[in-house]
Peer 1: 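Here's a structure for you.
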Protein chains: 2
Amino acid sequence: MDKKQENKKVFLEIVKQLRALIKDEGIQPGEKLPSERVLSERLNVGRSSVREALRSLELLGLIETRHGGGTFLSSGQSHQLVEILASFILQENKSIDDVHTTRRMHEKEAIRVICSNRSLRSLPVWESLFMKLELEDGIIRDLLLRELIIASGNRLALKIWIQLAAYSAVPLKKYSTKEEKPMLQMLLKSMQLGYEEEALRAYENWIRYINNSSS
Amino acid sequence: MDKKQENKKVFLEIVKQLRALIKDEGIQPGEKLPSERVLSERLNVGRSSVREALRSLELLGLIETRHGGGTFLSSGQSHQLVEILASFILQENKSIDDVHTTRRMHEKEAIRVICSNRSLRSLPVWESLFMKLELEDGIIRDLLLRELIIASGNRLALKIWIQLAAYSAVPLKKYSTKEEKPMLQMLLKSMQLGYEEEALRAYENWIRYINNSSS
DNA sequence: AAAAGAAAAGTGGTCTGACCACTTTTTATA
DNA sequence: TATAAAAAGTGGTCAGACCACTTTTCTTTT
């Protein structure tokens, strides 16, 4: 009775073999994969089966496809996944708020992590951003936030954050305004000094400002 | 020069149409979708194209397929996505730590949210869990954590957390031991009273205990 | 010889038809 | 009525064909 339910799913097997091939071949992100016809021959399966596997990986954002050009291992982030999630999983209205909230959670956590770690606090990138704020008119908001996530050292969190950011991106006003400068400076300085509460407060103020100014 | 780069991707168009069809038809989770051949006819595309779209949705866990039986709207959550993430995205060793860290971040954030909201603090589920701790030998650890995430009200965070929890699940010792009881009681009580710092401290202690006892 | 243009080869995108394996439904039989 | 057999329905896979687009190669022109 207790049948083991041998999960056959040949289609998933191809995905697995593709992964092995990529590893064995040492294909790096951005590089080209063998053509569908070659893969079909190499794996001893039909081309349509190969395509079904490739299409799935494409939806996940793991590969990129150029008509007439070839198939490539994805280098950067993708927004396919988030679009699908958006349309299928997140059907309710509240979902957009959730994306926003979750995104902010990652950012706050990154600030906490950085504040509590001395070597992260003294990363040269903060001083660099501080200077940039002083010299230039504004900086790209997401750029600063991405640096925070990167510095926190959690690559999975970065992956997730990129997806969330891609979805909740604000079309207008990507650059910070003059009004934001003191808040951002406060955030960076507090962080460099390890003042967690003040850094978070500055962050909250900033986000509040962004939300109000965009509405 | 500023070409809009009209994203054509016919393959994604089919996914979109499938979604519309599901909505229009009012197909509920667990129910059957039209057959591939019918879909092919209905959407005016080849069967192979339909399959490519379906395979992608299957990999995402949004549909389930039974050989000879049909295609069904997925009811519960799936673990395909997490497996793919595990094998493709999370290749490094550090990645397991990242999953753990990210998961804990979600849990901590949930605690913060609950503590800072009066109606969430006074949810009957906490008292119920408190009682259960008193009466029974132990409770399922993830059960309590899931309640936290659910209560925090962020459905996206819940989705993500479920995936992370599925991946980082500890095989042994799913149930809490006697030693954990005071920590959990402390966590619940602090939370009910809105003592954020104490709740977080209790949580940290508990997690630390779990990590030590499982290693 | 170098540059420009044209042809060829390579590659993904899609469709059709066929056959197999499995499940569900219908029909025929005991 | 119950059981068994046949049929229909459905997903799984493959092969071939054609199209659209890109890259490479070759030819022509300057």
Side-chain angles (χ1 to χ4, degrees), chain A residues 3-18 21-22 25 27 29-75 78 80 83-84, chain B residues 3-18 21-22 25 27 29-75 78 80:
Chain A
K3 257 206 297 188
K4 198 52 186 294
Q5 258 303 63
E6 198 60 89
N7 225 334
K8 283 238 159 185
K9 288 289 171 195
V10 188
F11 145 78
L12 286 177
E13 185 59 33
I14 296 181
V15 174
K16 213 170 186 174
Q17 289 189 32
L18 278 177
L21 186 144
I22 289 172
E25 220 81 351
I27 300 175
E31 288 182 1
K32 196 171 164 187
L33 266 61
S35 76
E36 295 178 351
R37 289 168 178 84
V38 170
L39 285 174
S40 155
E41 212 175 70
R42 195 103 78 87
L43 304 179
N44 279 310
V45 292
R47 192 184 153 207
S48 50
S49 295
V50 170
R51 280 185 60 82
E52 289 182 9
L54 288 178
R55 243 23 69 215
S56 303
L57 297 182
E58 184 177 5
L59 193 68
L60 283 177
L62 299 174
I63 60 173
E64 287 170 10
T65 293
R66 297 174 211 159
H67 189 180
T71 306
F72 301 79
L73 242 194
S74 185
S75 47
S78 81
Q80 305 296 11
E83 281 183 16
I84 297 304
Chain B
K3 256 206 297 187
K4 198 54 186 292
Q5 261 302 67
E6 197 60 89
N7 226 334
K8 282 240 158 185
K9 289 290 171 196
V10 188
F11 145 77
L12 287 177
E13 186 57 33
I14 296 181
V15 173
K16 213 170 187 174
Q17 289 189 31
L18 278 176
L21 186 144
I22 290 172
E25 220 82 349
I27 300 175
E31 288 183 1
K32 194 171 167 186
L33 266 63
S35 75
E36 296 179 351
R37 288 168 179 85
V38 170
L39 286 174
S40 155
E41 211 175 70
R42 195 101 79 87
L43 304 179
N44 279 310
V45 292
R47 193 184 152 207
S48 51
S49 296
V50 170
R51 281 186 59 81
E52 290 181 9
L54 288 177
R55 243 23 70 215
S56 303
L57 297 182
E58 183 176 5
L59 193 70
L60 282 177
L62 299 174
I63 60 172
E64 287 169 12
T65 293
R66 296 172 211 160
H67 189 180
T71 306
F72 301 80
L73 241 193
S74 185
S75 45
S78 80
Q80 303 294 10

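A, B, ... follow the sequence lines: proteins, then strands. Residue 1 opens every chain. Note: hydrogens, waters and symmetry copies are ignored here, and every other heavy atom, side chains too, is used.
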Peer 1: Would you mind reading off the distance between A:Leu39 atom CG and C:dG10 atom P, rounded to a whole angstrom?
Peer 2: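 It is 16 Å, rounded to the nearest whole Å.
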Peer 1: Judged by each residue's nearest nucleotide on DNA chain C, which is more toward the 5′ side, A:Ser48 or A:Leu54?
Peer 2: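 Whichever sits nearer the 5' end wins; that is A:Leu54.
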Peer 1: Find the distance A:Glu52:CD to D:dT13:C1' and express it as a whole number of Å.
Peer 2: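 So the CD-C1' distance, A:Glu52 to D:dT13, works out to 8 Å.
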Peer 1: Counting neighbours of CD on A:Glu41 that are heavy atoms of other residues, nucleotides or ligands and sit closer than 6.0 Å, is the number greater than 12?
Peer 2: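 12 or below, so no.
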Peer 1: Of the non-hydrogen atoms in A:Ile63 and A:Leu54, which two are nearest, and what is the gap between them?
Peer 2: CD1-O, 3.2 Å
Peer 1: Nearest-Å distance, CG (A:Leu43) to C1' (D:dT13)?
Peer 2: 14 Å
Peer 1: Any ion pair linking A:Arg55 and B:Glu58 (charged N to carboxylate O, less than 4.0 Å)?
Peer 2: no
Peer 1: So which protein nitrogen or oxygen atoms get under 3.5 Å of nucleotides 16-21 of chain D's nitrogens or oxygens?
Peer 2:
from   : atom 1 : to      : atom 2 : distance (Å)
D:dA20 : N3     : A:His67 : NE2    : 3.0

Peer 1: Check the phosphate of C:dG13 against B:Ser49, side-chain N and O only, distance under 4.0 Å to OP1 or OP2. Yes or no?
Peer 2: no
Peer 1: Round to the nearest Å and state the distance from B:Arg51 atom CZ to C:dT16 atom C1'.
Peer 2: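 In whole Å, C:dT16 C1' lies 15 Å from B:Arg51 CZ.
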Peer 1: Look at all strands and tell whether B:Ser40 reaches a base, only sugar-phosphate, or nothing, counting heavy atoms closer than 4.0 Å.
Peer 2: nothing
Peer 1: Taking atom C1' of C:dG13 as reference, at what distance in whole Å does atom CD of A:Glu64 sit?
Peer 2: 18 Å
Peer 1: Would you tell me if any nitrogen or oxygen in the side chain of A:Arg66 comes within less than 4.0 Å of OP1 or OP2 on C:dG13?
Peer 2: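 For C:dG13, OP1/OP2 do not have a side-chain N/O of A:Arg66 under 4.0 Å.
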Peer 1: Rounded to the nearest 0.5 Å, how far apart are CD of A:Glu31 and CD of A:Glu25?
Peer 2: 10.5 Å
Peer 1: Do B:Leu18 and B:Leu43 make a side-chain contact, defined as non-hydrogen atoms from C-beta onward lying under 4.5 Å apart?
Peer 2: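 In contact.
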Peer 1: List every contact pair, protein side and nucleotides 7-9 of chain C side both N or O, where the distance is under 3.5 Å.
Peer 2:
none

Peer 1: Could you tell me how far apart A:Ile14 (CD1) and D:dC14 (C1') are, to the nearest whole angstrom?
Peer 2: 11 Å
Peer 1: To the nearest 0.5 Å, tell me how far A:Gln17 CD sits from A:Asn44 CG.
Peer 2: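 Going from the CD atom of A:Gln17 to the CG atom of A:Asn44 covers 9.0 Å.
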Peer 1: What I'd like to find out is whether the side chain of A:Leu39 reaches to under 4.5 Å of the side chain of A:Leu21, using heavy atoms alone.
Peer 2: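 Yes; the side chains approach each other to less than 4.5 Å.
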Peer 1: Locate the shortest heavy-atom distance separating A:Ile27 from A:Leu73; write the atom from each residue and the value.
Peer 2: O-CD1, 3.4 Å
Peer 1: Could you tell me the separation between the CD1 atom of B:Ile63 and the P atom of D:dT10, rounded to a whole number of Å?
Peer 2: 15 Å
Peer 1: Taking NZ from A:Lys32 and C1' from C:dT11, how many angstroms apart are they, rounded to a whole number?
Peer 2: 7 Å
Peer 1: Can you list the residues that meet the side-chain contact (heavy atoms from CB on, under 4.5 Å) rule with A:Ser48, with sequence neighbours excluded?
Peer 2: none
